[in-house]
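Computed from heavy atoms alone, side chains included, the values below leave out hydrogens, waters and symmetry copies.
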Amino acid sequence: MKIATYNVNGVNGRLPVLLRWLAEAQPDVVCLQELKAPQEKFPEEAIKDAGYNAIWHGQKSWNGVAILARGMEIKELQRGLPGDDDDIQSRYIEAMVNDVIIGGLYLPNGNPAPGPKFDYKLSWFERLQKHAARLVKLDLPVILTGDFNVMPTEQDVYKPERWVDDALFRPETREAFQKLVAQGWTDAIRKLYPEETIYTFWDYFRNAYGRNAGLRIDHFLLNPKVSDKLKAAGVDKHVRGWEKTSDHAPVWIELK
């Protein structure tokens, strides 16, 4: 079973790129982030024509998350992250696919920091920790994946000294991520590639992709019931080089 996560940075504007990648990579399940489309504007028919069922949580202009499954039923379990009924941002969706619980998330960016956006990022992180604490203990395979907007260590960022005040790399953010992982989650990429330089995002500016000046901010966290089934993982970096592509590349894992 191949599961992928991809921040598409606009599902309609990047639809040709998404469909090209789906045809090439043929993942079984895909979590998408940053749809930037209201609920009624999600390209359901095009996704269906590509062979995928879909559920999605849209929002006009911003955010938005979806789960796609190739020829498999998607049973929605959760729409929106629990813990704040006033939070209307579309950043979390959870479903059961092929007896695996998958939580797809788009964690807030948080910049500028400090400030209200950073406070929202940390409070969202706290809600995620509370929800994840229940999920990690389930007697079922559980995967949390998506754009976490955090570089966990200096290994995960090109020239870390330039990012010390950024919301994605501030100590509070990295501490929140480590607290989450410490619940019993496994960082899939680092389990298989503990020492390698691996990025999942390259800015559009200053030839970041050409210079490989990237960040690793898209992650897979696996609970104990699924971590021992991990057999492969990677980043489809070449997709970042396609025309009119997202600033993220798809990230994927394969399970036994």
Side-chain angles (χ1 to χ4, degrees), residues 1-81 88-107 140-147 188 200-201 218-220 226 232-255:
M1 187 177 183
K2 184 177 182 180
I3 304 169
T5 182
Y6 189 17
N7 180 322
V8 290
N9 192 12
V11 69
N12 288 301
R14 317 274 183 204
L15 188 59
V17 171
L18 174 61
L19 295 176
R20 177 183 172 186
W21 169 72
L22 288 173
E24 175 189 280
Q26 297 193 336
D28 298 298
V29 181
V30 185
C31 292
L32 300 177
Q33 303 88 45
E34 221 173 333
L35 304 179
K36 295 182 177 177
Q39 193 72 8
E40 67 276 10
K41 294 292 186 180
F42 183 82
E44 182 179 13
E45 288 303 315
I47 297 295
K48 186 178 292 185
D49 289 345
Y52 288 83
N53 298 318
I55 62 171
W56 63 95
H57 187 198
Q59 182 177 341
K60 186 178 180 180
S61 301
W62 309 103
N63 307 321
V65 286
I67 298 177
L68 318 182
R70 186 161 57 107
M72 292 183 288
E73 179 187 3
I74 308 173
K75 182 182 178 182
E76 185 173 321
L77 302 176
Q78 181 78 41
R79 180 175 293 240
L81 189 64
I88 60 171
Q89 296 194 26
S90 302
R91 293 184 174 274
Y92 186 81
I93 195 165
E94 183 180 301
M96 175 87 77
V97 183
N98 196 26
D99 297 324
V100 178
I101 295 176
I102 299 172
L105 62 92
Y106 177 42
L107 207 137
L140 288 166
V142 183
I143 296 170
L144 288 176
T145 187
D147 180 356
T200 66
F201 168 94
D218 304 270
H219 307 297
F220 274 92
V226 73
V235 180
D236 288 343
K237 180 182 175 182
H238 66 285
V239 176
R240 176 60 182 83
W242 291 353
E243 188 176 354
K244 296 182 179 178
T245 195
S246 171
D247 41 11
H248 294 249
V251 187
W252 54 268
I253 63 171
E254 285 189 20
L255 304 177

Using side-chain heavy atoms (C-beta onward) and a distance below 4.5 Å, is [X] in contact with [Y]?
X: I143; Y: I253; result: yes
X: V239; Y: Y6; result: yes
X: P43; Y: V11; result: yes
X: D247; Y: R240; result: yes
X: V8; Y: W21; result: no
X: L140; Y: D99; result: no

Does [X] reach the main-chain N or O of [Y] with its side chain, forming a donor-acceptor pair under 3.5 Å?
X: R14; Y: L35; answer: no
X: D28; Y: K2; answer: yes
X: Q33; Y: C31; answer: yes
X: N53; Y: M72; answer: yes
X: R70; Y: P27; answer: yes

Run the side-chain donor-acceptor check on residues 58-65: report pairs under 3.5 Å with partners two or more places apart or on a different chain.
unit_1	atom_1	unit_2	atom_2	d
Q59	OE1	N63	ND2	3.2
Q59	OE1	S90	N	2.7
N63	OD1	R91	NH2	3.1
N63	ND2	Q89	OE1	3.4

